[in-house]
Amino acid sequence: MKILVALKRVVDHNVRIRVKEDGSGVETENVRHSMNPFCKHAVEAAVQIKEQNKAKEIIAISIGPIEAKDVLLNALAMGCDRAILLKTEKEQKIEPLAVAKLLKIIVQQEKPDLVFLGKQAIDDDANQTGQMLAGLLDWPQGTFSSKIELEENRVNVTREVDFGRAKISMPIPAVITADLRLNVPRKTALPMIIKAKKKPINIMEAKDFNVDLQNRLIVERISEPPKREGGKILNNVQELANIINELEAEK
Amino acid sequence: MSLTATQIISSLEKILDENSIIFTKEKMQSFLTEPRNRFHQPALAVLKPNSISQLQEIMRFANKYKIPIIPQGGNSGLVGGQVPLYGNELIVSLAKINKLRELNIEEGYILVEAGMILQQVQNIAREKNMLFPLSIGSKGSAQIGGILATNAGGAQVLSYGNGRELCLGIEAILADGSLYNGLKFLRKDNSGYDLNNLLIGSEGSLAIITAAKLKIFPRAKFYETALIGVKNLNIAYQLFQQLVKKAQKRLTAFELISRFGIAIQIENKLINQDFISLQSPYYILAEISHFDIEEKEILTQFFEIAYEKNLINEDSIIAQSMAERNEIWQMREQMSESQKFAGASIKHDISVAPKLVPELIERGIREVAKINKNIRPCPFGHMGDGNIHFNFSQPVKMEREEFLSLTKEINQIIYDIVLSLDGSISAEHGIGQLKIDLLERVKDPTAIKMMKLIKNSLDPNNILNRGKVLKL
């Protein structure tokens, strides 16, 4: 079995996000980036399957600026075998549909049995790429997965859904997107980092793929959420009761 | 004339409102129970003044009637400085004197009142993309006043310095209630004695710190953080030396952690089961701060070379995101507290020259094993500045009390080694009531004499933290 894992480089989720003054977006210059956390779960899932000898090769792919090489290196250090980078311009934004179309071409070239993605990226929270890719390929999809079990020519996926968990069974090939409960991604051991640097990363230009990369959406304005007012420590229950009464009275 | 407890309370009720005086046993409990659960004296009452002027009034009253006062911050001290010794003291909590007075990014300082919690100071600086670098395990409860009174250090002393070095000025109330204003900061100011530095580290025995002007720094753009398995302590020191040479001031932490310390945390599910594979006797937490995102990685490359030279072990990990960095630091910060899970422990907070750290630990472990080879050593700490928390956990099959009865004997062994290496018997936790005899025994007699003269003249009635730091 061959697995393709698609991953995205995003602003590190522990970095304090700052909205640009003109409201056109968030500050990404001079800010620490790392692998989208959901994608990390997708990589971990693929590596675990390989460790159980159920997969022969894992290919990591990312679409983004040259710096996305770092997150591919991270994926290689976690246990992927080789990587592909479809390079874009530094500030270029690519919408989920274009990403899905590019991924479709790579899927057709590499012919993986499973494609893993994070359920969404924490920068635009679109939650669309996996679904669009499955649609374009006409493959079944198991989104928001918290458990993946392989059978002969089939894959069973437990999905995290609003009303609980749904278990589905799909024929292979299939697209699977990872949720946080799927696994605990491993820490990167130093010897693996050294090994990763010797693994191949094939870099190609995204614009050479004959896919329309034009954005359809226009971002009108991005603004910060309203500031939360700080709490207050009260001296006794009576003070609390008084406040509740006041609030009730205002209603 | 001395007052009865009832008279004292009713006098205080004229100064403070009823919510600010606590004298029932249950309500005082959280002010009396300290982290190590070693000191169990009651207090006459706990006072929580709302303002500097209320605190001044309390001091004037206490000084007049010679009532012992214990200033208390977050009650996270480890040597009993902040809790009663005699049982008749008044604890004065600074918790309500906790305002932000000024934040000045251009000049790089924050002026806060003593009761502000460390983590809040860190957060205020963080909001402005600045860093207040002092950080200790108890950052969620420790207050600035207590931190300066004990000159706390923590993990970033290596490049930013301890409490004293991070403090540009203080304001304090003396035993007689007068207010000392040392908040003015000038690069050049040789106008008499340096009183700020006298009060910082005096553990509440000379004055009560009420506000402080603290240095803040530009925040690093990114960190390289690694947890490295080493075969022995000499290699750990070698790596430290080489890394300092390479990274200089950017090396912001070089911490040593024993395998046992991480193992307890894994066993008790304080950290993830597969946090690290634990093949090494010691681990190093090293961190480099980068102030430009374009800067090339130093740490990863350094340890890659060390690994190829077979100096470090396979179980070394390098954080790939801030989340992973935070997880590693969380493990380090839980070290002190997590030892509870291994039963009773006998602790030493000591320092020697960094190059003597391997000798200190090896000799200490060897000597203590002679008492009982099942005692479990748990040394950890700031290898970069030579400050080691040299702790010992009880043998698995020994009664708690039996182990604790060895305290004196084990203390003696460790302190003798420290003194033979020209080290300090109290690196960052202070003297409090725990080490008062020890200080008398090991400190230069002239230094002790000077300290007593200072104490007697600033606090002639000996009301401030009576019976702590110095034996009068």
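Side-chain atoms are counted along with the backbone in the values below, which use heavy atoms only and exclude waters and symmetry mates.
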Q) Is the closest basic N to carboxylate O distance between B/R332 and B/E255 below 4.0 Å? A) yes

Q. According to the salt bridge (Lys or Arg N to Asp or Glu O under 4.0 Å) rule, which pairs have a member within residues 280-293 of chain B, sequence neighbours left out?
A. B/E287-B/R325

For [X], is it the side chain, the backbone, both, or neither that has a heavy atom closer than 4.5 Å to a heavy atom of chain A?
X      : result
B/E127 : both
B/F275 : both
B/E295 : neither
B/N129 : both
B/L227 : neither

So for [X], is it side chain, backbone, both, or neither that comes closer than 4.5 Å to the heavy atoms of chain B?
X      : result
A/N30  : both
A/N236 : side chain
A/V71  : neither
A/R186 : backbone

Q. Taking B/S93 for the side chain and B/A95 for the main chain, is one N or O donor matched with an acceptor at less than 3.5 Å?
A. yes

Q) Under 3.5 Å, side chain of B/S338 to main-chain N/O of B/Q334, donor-acceptor pair present? A) yes

Q. Given side chains that start at C-beta, do those of A/L86 and A/I61 come closer than 4.5 Å, heavy atoms only?
A. yes

Q: Compare every heavy atom of B/N50 with every heavy atom of B/Q54, then report the nearest pair and how far apart it is.
A: OE1-N, 2.6 Å

Q. Under 3.5 Å, is there a donor-acceptor pair between the A/S146 and A/T158 side chains?
A. no

Q: Report the option among B/I318, B/I293, B/N272, B/D315 that has the most heavy-atom pairs separated by less than 4.5 Å from atoms of chain A.
A: B/I293

